[in-house]
Amino acid sequence: MEKLSSSWCKVETVPESYVLPPEIRPGKLVFPMCNSIPVIDLAGLGFDRNEVIQHILKASQEYGFFQLANYGVSEEQMQDVLKVAKEFFDLPAEDKAGFYSDVGKSIDECRLTHSLTYGTEQIHYWRDYFRHPCHPLEKYLELWPQNPSRYRYMHVISLVDTQCNKNFGCFGL
C-alpha cells in the first residue's frame, strides 16, 4: 500500500523515481493542429446503432479520438461519481487495504493499484486506480466497496439510470 500515491499525505517533495527526465517529458512532440475534434451527438443521431458505430469508426480512424455529447449522463451525475471516487481514495489506508494488490488479480475482482508494471518501471507515473468489474451488475455489485457508503449507490445510478447505458452502453466495437 505504501506505493499508492494517494496514501502519501506527508510527502513534501516528489520522489526522484517519479520525475521524468527532461528528454522524455511531454511537450516536445509536434502534433498537427486542427480546428476541431469530431463530436458525436447521440441526441442528434437518435441512438441509431449503425449510424453511431459509423461515426465512431470514422472519428477513430481519422483522428484517433472523439467527443461524445448528449449520452444521457448529467453533469450532476458525473460530479457526484467523481466526488464519491475522491471519498474512496481519501479513506484511511486500512479501509482500502482489502482491495490493494501488487500482482494481477482475477478479472472478476476489484483491484486498487498503482501500475501494472511498477516493479519493472524505472520511472513511475503518479497515479493510483481502482478497477471494479460491473457487467453484469448483479454478479459484481456485492464485491464493490461498502465505504464510502454512497459508493455503490452512485455507481449503480451512473450505470443503470442513464439513457447512455439503456441505449448505447454495450456496442462491443
Side-chain angles (χ1 to χ4, degrees), residues 4-6 20 25-91 95-96 99-101 104-117 124-173:
L4 293 175
S5 55
S6 59
L20 290 173
R25 290 181 187 164
K28 301 267 185 200
L29 301 175
V30 177
F31 294 97
M33 295 298 291
C34 61
N35 292 330
S36 64
I37 64 170
V39 177
I40 300 171
D41 185 346
L42 293 183
L45 295 174
F47 292 102
D48 177 316
R49 181 182 175 92
N50 290 329
E51 190 175 2
V52 171
I53 290 172
Q54 291 308 310
H55 282 274
I56 289 172
L57 289 172
K58 183 176 186 217
S60 298
Q61 290 167 347
E62 293 178 9
Y63 290 86
F65 59 92
F66 54 89
Q67 178 179 348
L68 195 59
N70 297 313
Y71 47 86
V73 179
S74 71
E75 181 69 27
E76 181 181 3
Q77 280 179 306
M78 288 189 287
Q79 292 305 316
D80 285 344
V81 168
L82 289 173
K83 283 178 193 172
V84 80
K86 182 178 181 338
E87 290 171 19
F88 174 78
F89 280 100
D90 288 346
L91 289 171
D95 289 356
K96 300 180 286 189
F99 295 106
Y100 179 75
S101 176
K105 287 179 127 180
S106 161
I107 196 163
D108 287 340
E109 296 180 89
C110 295
R111 181 175 183 207
L112 172 64
T113 194
H114 41 76
S115 175
L116 296 175
T117 58
H124 305 302
Y125 291 96
W126 195 291
R127 67 165 182 208
D128 297 337
Y129 68 90
F130 182 67
R131 181 192 57 79
H132 65 250
C134 57
H135 185 72
L137 187 59
E138 306 78 35
K139 179 178 177 181
Y140 296 112
L141 184 60
E142 290 302 314
L143 301 175
W144 293 4
Q146 293 182 19
N147 271 328
S149 59
R150 300 180 322 123
Y151 188 93
R152 290 181 182 182
Y153 172 77
M154 289 311 306
H155 285 78
V156 168
I157 294 299
S158 72
L159 289 170
V160 176
D161 278 354
T162 64
Q163 287 298 323
C164 176
N165 198 47
K166 291 176 189 170
N167 296 315
F168 182 68
C170 297
F171 272 106
L173 294 176

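Being a predicted model, the structure only gives us computed values, none of them experimental.
Considering every non-hydrogen atom in both Lys96 and Phe89, the closest pair reads NZ-O, 2.8 Å. Residues Pro145 and Phe99 approach most closely at CA-CZ, 3.6 Å, considering heavy atoms.
Expressed to the nearest 0.5 Å, how far OG of Ser60 lies from CZ of Phe66 amounts to 5.0 Å. In this structure, CG on Leu42 lies 10.0 Å from NE2 on His55, to the nearest 0.5 angstrom. Note that OH of Tyr63 is 9.5 Å distant from CD1 of Ile37, once rounded to the nearest 0.5 Å.
Take Leu82 and apply the side-chain contact (heavy atoms from CB on, under 4.5 Å) test, not counting sequence neighbours, and it matches Gln79. Applying the side-chain contact (heavy atoms from CB on, under 4.5 Å) criterion to Pro148, with sequence neighbours excluded, gives Val84, Glu87, Phe88, Leu91, Tyr151.
Note: Phe130 and His132 have tilted aromatic rings, judged against thresholds of 30 and 60 degrees for the angle between ring planes.
In this structure, the side chain of Arg111 does not engage the main chain of Tyr100 through any donor-acceptor pair within 3.5 Å. With hydrogens and angles ignored, the 3.5 Å screen pairs a side-chain donor or acceptor of Arg152 with a backbone N or O of Glu142.
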